[in-house]
Each structure stands twice: as structure tokens, then as C-alpha cells.
Amino acid sequence: MKKLIAGNWKMNGSLAANEALIKALRAGVGTPACDVAVCPPGAYLAQVQGLLAGQDAIALGAQNVSQHDNGAYTGDVSATMLKELGVRYAIVGHSERRLHQAENDVHVAIKAQRALAAGITPIVCIGESLAEREQGMTEFIVKRQLSAVIHLLEQRVGDIVVAYEPIWAIGTGKTATPEQAQAVHAVLRAQLQAATDKAQEVRILYGGSMNAANAADLLAQPDINGGLIGGASLKADDFLAIVAAAR
Ligand code: PGA
């Protein structure tokens, strides 16, 4: 299966910085062996859509989507609106949103459903905290998070992308070892297998301090099908090196 490398810019960028970054990515990406996406802040989606026009190596993604359809939801952006802006992927349930915006498993599952209904592929983020890992609860936590999505989507769960992002590895420079990540990915694959006959086609990304130096080893694991890249996605050279490692 084709791997996916997605850049999560988080709340970073400016009109000028985005233009420079996309120009450098376009110049260096060539014909990648994997799928590639960038997920800028919502305010810049239209700008980045324009900057990506006329090429198909790099797709556009959003960092969030409303769990509502349309209507009186001040501040929200619907999946239909994202679709109009050319958005192909939407990150849902990132741990930063679960923490700061109090998103729970049910919200995240509904967001995934909204995205799919609009023709957008949700990238569903799951992952345990350091305390949970230390208490031996990693499997329990990630299975609970994924099962909420399976429960709502049923067979359609075969159309999502999963991103396993251990919270203790995000932005900390402490990457999970390839073996640690693979162990969790295998658990998730088995859980998907029980839910859909398309489990082998579901891409399970790793995220958390993935960079140009450690990407190849992580991506060599049998159940790691790509990466969700934060910090390193803001530097064109680093992001392109990760893209090149994904074959
Ligand atoms: P990081 O972030 O690569 O900066 O650790 C990954 C993410 O939060 O998606």
C-alpha cells in the first residue's frame, strides 16, 4: 500500500512563510513514491489551495472539522466547506484538541463520520499519555479510542487513516522506538481486522517527533504506513527527506 506523509503545521505560519514553504516543497518533491499532504491552519487553507494549484504530488489537509453539519455553530468550519476548498484529508482528534478543546472519543468519531460523508479522508489520531504508558494502559487506551470510531462507522472504518501518536512523543524529541510503535500498530491492525475486511488497506501512521533521521527505521516496520509530522513539517528540507524515506 502507498504510504502517506502528512505535515501538521499546527498553529504556525503566515502568508509569507506559507508561500516560501510551499514553493520549496513544490520545487523539491518530484514524483514521490508516497502520498503527501500538508495541513495548514484553517485561516490559510484557501491560500495554500492556491499555492498548490496545478500539481498533484501534494494534497491539502485540514487540522480539524466540525462535528456539526451547517448552521448556528459559531467558529466552526464544516466538512462541506472544507471540501469546497479542495481539502482531501482532515486530522480529527489530535491529542492537543482532546486536551485543550475537550474533544472526547464520541466527538472524534462524529467528526470522522462528517468528513467521510463530505468525501474527505479523516486522519483519526489516537495515543496514550506517559502516565498511561507507565501504568501499562497503552493498549487499553488506544483500543478504546479506536473502538468509538469503529462503533460509529462500522464497515466504513476501512476508509479512514489512523495516526498513532503517543502523547509523550509529540514535540518532545522523544520518539517511540520502531519496536514500540510497531507493537501498538499491530494491536490496532488486529482491531481493524475484526471490524472490516479492508483492514489491510487502512494506513496507520506514526506521529511524535518523527524527523529526517528516524523516519526510515520507523517506516520500515510492517504496520507503519506513513507519518504525521509536526515540527519537521515546517522545514522543507526535513519534510522532503521524510517523504523520500517513505517508499
Ligand atoms: P511532532 O508532532 O512531530 O512535532 O512531534 C506530531 C503531531 O503532533 O502531529
Side-chain angles (χ1 to χ4, degrees), residues 3-13 17-18 21 25 34-42 44-45 48 58-65 87-103 108 111-112 115 120-130 132-133 138 141-142 145-146 149 160-178 180-181 184-185 188 203-219 221 224-246:
K3 291 189 168 68
L4 168 65
I5 301 295
N8 174 11
W9 293 5
K10 307 193 179 182
M11 200 168 72
N12 294 292
N18 304 342
L21 182 51
L25 293 178
C34 62
D35 289 331
V36 181
V38 291
C39 307
Y44 295 127
L45 283 169
V48 176
I58 306 168
L60 185 62
Q63 296 176 16
N64 181 38
V65 61
V87 165
R88 298 257 300 277
Y89 300 94
I91 299 170
V92 300
H94 191 282
S95 58
E96 287 151 15
R97 295 198 59 87
R98 291 180 190 258
L99 178 67
H100 303 301
Q101 267 74 30
E103 288 184 10
V108 173
K111 284 167 183 253
I120 292 171
T121 301
I123 301 175
V124 178
C125 300
I126 60 180
E128 82 287 1
S129 67
L130 183 59
E132 288 160 348
R133 176 163 282 263
T138 299
I141 296 293
V142 296
Q145 292 171 327
L146 184 56
V149 180
I160 73 169
V161 171
V162 177
Y164 168 58
E165 299 204 303
I167 296 170
W168 47 271
I170 295 178
T172 58
K174 268 194 236 159
T175 324
T177 65
Q180 277 176 325
V184 177
H185 283 230
L188 299 172
R203 292 184 285 195
I204 308 179
L205 315 184
Y206 169 79
S209 298
M210 198 192 256
N211 58 38
N214 61 30
D217 285 347
L218 286 159
L219 293 167
Q221 298 299 312
I224 301 186
N225 314 116
L228 184 55
I229 322 297
S233 73
L234 297 171
K235 292 175 227 133
D237 289 351
D238 291 7
F239 190 63
L240 289 172
I242 299 170
V243 167

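Remember, it's a predicted structure, so these values are computed and weren't measured experimentally. As the structure lists them, so they are numbered: ligands from 1, and atoms in each ligand from 1.
- The contact set between ligand 1 and Gly231, taken as ligand atoms under 4.0 Å from a residue heavy atom, comprises 1 (P), 3 (O), 4 (O).
- Counting heavy atoms under 4.0 Å from ligand 1, residue Ile170 touches it through both backbone and side chain.
- Side-chain contact between Gln101 and Glu96: absent, with no pair of heavy atoms (C-beta onward) separated by less than 4.5 Å.
- Near Leu228, with a cut-off below 4.0 Å to any heavy atom, the atoms of ligand 1 are 6 (C), 9 (O).
- The option with the heavy atom closest to atom 2 (O) of ligand 1, from among Lys10, His94, Glu165, is Lys10.
- In the model, Glu165 has a side-chain atom that pairs as donor or acceptor with a side-chain atom of His94 under 3.5 Å.
- Side-chain atoms of Tyr44 do not come within 3.5 Å of backbone N or O of Asn12 as any donor-acceptor pair.
- Each of the atoms 5 (O) of ligand 1 lies under 4.0 Å from some heavy atom of Ala169.
- With hydrogens and angles left out, the side-chain atoms of Tyr164 and Glu128 include a donor and acceptor closer than 3.5 Å.
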List the atom pairs, donor and acceptor, that lie under 3.5 Å between side-chain atoms in residues 232-240 and the rest of the protein, sequence neighbours left out.
unit_1, atom_1, unit_2, atom_2, d
Ser233, OG, Ile229, O, 3.2
Ser233, OG, Gly230, O, 2.7

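- With hydrogens and angles disregarded, a donor-acceptor distance shorter than 3.5 Å links the side chain of Asn214 to the backbone of Ser209.
- The closest approach between any non-hydrogen atom of Gly171 and ligand 1 is below 4.0 Å.
- The Asn8 neighbourhood of ligand 1 comprises atoms 9 (O), with distances under 4.0 Å to a heavy atom of that residue.
- Residue Gly230 has at least one N or O atom closer than 3.5 Å to an N or O atom of ligand 1.
- In terms of the salt bridge (charged side-chain N to carboxylate O under 4.0 Å, His left out) criterion, Lys174 has no residue partners (sequence neighbours excluded).
- On a distance-only criterion, Ala232 and ligand 1 share no N/O pair closer than 3.5 Å.
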